[in-house]
There are 2 protein chains.
Amino acid sequence: MGELIEKLDLGDDECGLPTALAAMGERWSFMILRAAFNGLKHFEEMQSSLGIARNILANRLGRLVESEILERQPCPDDRRKIEYKLTEKGMALLPAMIALRQWGERWGTGIPSNPVLCDKRDRHPVEDIRVHAHDGRPLDWHDLMWVDQSELVAEAAE
Amino acid sequence: MGELIEKLDLGDDECGLPTALAAMGERWSFMILRAAFNGLKHFEEMQSSLGIARNILANRLGRLVESEILERQPCPDDRRKIEYKLTEKGMALLPAMIALRQWGERWGTGIPSNPVLCDKRDRHPVEDIRVHAHDGRPLDWHDLMWVDQSELVAEAAE
DNA sequence: GTTTTAGGTTGCAACTAAAAACTTATTTTT
DNA sequence: AAAAATAAGTTTTTAGTTGCAACCTAAAAC
């Protein structure tokens, strides 16, 4: 039980990334998240589907629950079973997960992922995740720059 | 020298995610990537900026170079120095990184990240990363479904 | 030519991950 | 009702990874 929750200390220099990595930076976390997005809800399902060691899965599920990415609830109909389901916070990780997955698909082995995330309305695959301007134009790295908060505020006042 | 390049074996069940995680699933990889995106190019810069141990940084830089996310080139003007710079493949990780960062910002401590990624044209911050339909409409989790490759092909033929 | 800087490597202690066997509570089967 | 099976963990042991601190080597500065 009393395992230390290791905090990564990535220097919280005004960036959401260290926070995100504290919750999702562990080796299996994204794979477990994917399983959850694919509808897997139970320990044994995930264990056999991912091939992860049982103790590690137990530990990671615990952390994901602690980070409020998953919610743990015992099933009322079968009291041996536990349901792990995505919270709103967990669902909000979908763009990050899909972006990573698409990157792996494009730059890795090139094998198309399965299943494919689609629009319910027309069952068409979703667009590639990219960076968009405030007005919706897609932007490339060359169209982008880093601006300091302070300059931003000044900018807005102009 | 001979450290084993550990392969994660996440079951390549037709998904780009395991591939992405093999390259980026290590503890510090995203922080190093962020440093690179922020213009840090040299070992000592990254080391003091991130506070990462030197051997780990050396190891991670090596792997990022091996994955062709960073490129390693000795500086011609000062032959002690090495420049690490993002490749196209590395730059393609920007949406995933920004998505994670925004998630950490929104669901973590709520502190706005700094610096902010902006459109060069108008210096306005970029949009939040989200999933978009083929026609550009933004989609929520409720608007989405997983469709099997095979069904997709059938669909396209209709 | 001594010192400083850049980019590492090495040795070692502490921690973390993984595989396999075990546990405990609940269902299902006989 | 007893025995077998299932779900979700825990424990044990072994192997591998992380991180600190000190060291090293080549090139540049003074």
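Order of the sequence lines fixes the chain letters, A, B, ..., with proteins taken first and strands second; residue numbering starts at 1 for each chain. Heavy atoms only: backbone and side chains are in, while hydrogens, waters and symmetry mates are out.
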Atom CG of B:Asn55 to atom C1' of D:dC24: distance rounded to whole Å?
-> 14 Å
From CA spacing to verdict: side-chain hydrogen bond (donor to acceptor under 3.5 Å, both in side chains), B:Ser113, B:Glu105 = CA-CA 7 Å; B:Ser113 292; B:Glu105 200 174 328; 3.0 Å; yes
Is there a donor and acceptor pair, one atom on the side chain of A:Arg79 and one on the base of C:dT26, closer than 3.5 Å?
-> no
Are OP1 or OP2 of D:dG19 and a side-chain N or O of B:Trp28 less than 4.0 angstrom apart?
-> yes
Phosphate-side-chain proximity, B:Arg60 and C:dG8, N/O vs OP1/OP2 below 4.0 Å | no
Spacing of B:Met46 atom CE relative to C:dG7 atom C1', expressed in whole Å | 13 Å
Nucleotide C:dG8, atom P - distance to CD of B:Glu45 in whole Å = 13 Å
Side-chain contact, heavy-atom cut-off 4.5 Å: A:Trp107 with B:Glu88?
-> yes
In Å and rounded to the nearest 0.5 Å, what is the CE to CZ distance from B:Met145 to A:Arg121?
-> 14.0 Å
For atom CG of B:Asp77 and atom P of D:dA28, their distance in whole Å = 9 Å
Interatomic distance where CZ belongs to A:Arg80 and P belongs to C:dT26 [whole Å] = 10 Å
Between the base of D:dG19 and the side chain of B:Arg54, is there any donor-acceptor pair under 3.5 Å?
-> no
Using a cut-off of less than 4.0 Å, is there contact between a side-chain N or O of B:Tyr84 and OP1 or OP2 of C:dG8?
-> yes
Would you mind classifying the nucleic acid contact of A:Asp78 as base, sugar-phosphate or nothing, using non-hydrogen atoms under 4.0 angstrom?
-> sugar-phosphate
Give the rounded distance in Å between these two atoms: CD1 of A:Ile52 and C1' of C:dT16.
-> 13 Å
Would you mind reading off the distance between A:Glu44 atom CD and D:dT10 atom C1', rounded to a whole angstrom?
-> 13 Å
Report yes or no: does B:Asp143 contribute a side-chain atom to a donor-acceptor pair with the main-chain N or O of B:Leu139 at less than 3.5 Å?
-> no
Between atom CD1 in A:Ile56 and atom C1' in C:dC15, what is the gap in whole Å?
-> 12 Å
Spell out, as yes or no, whether a donor-acceptor pair under 3.5 Å connects the side chain of A:Gln73 to the backbone of A:Ile82.
-> no
5'-most contact on DNA chain D: A:Ile82 or B:Gly51, nearest heavy atom basis?
-> A:Ile82
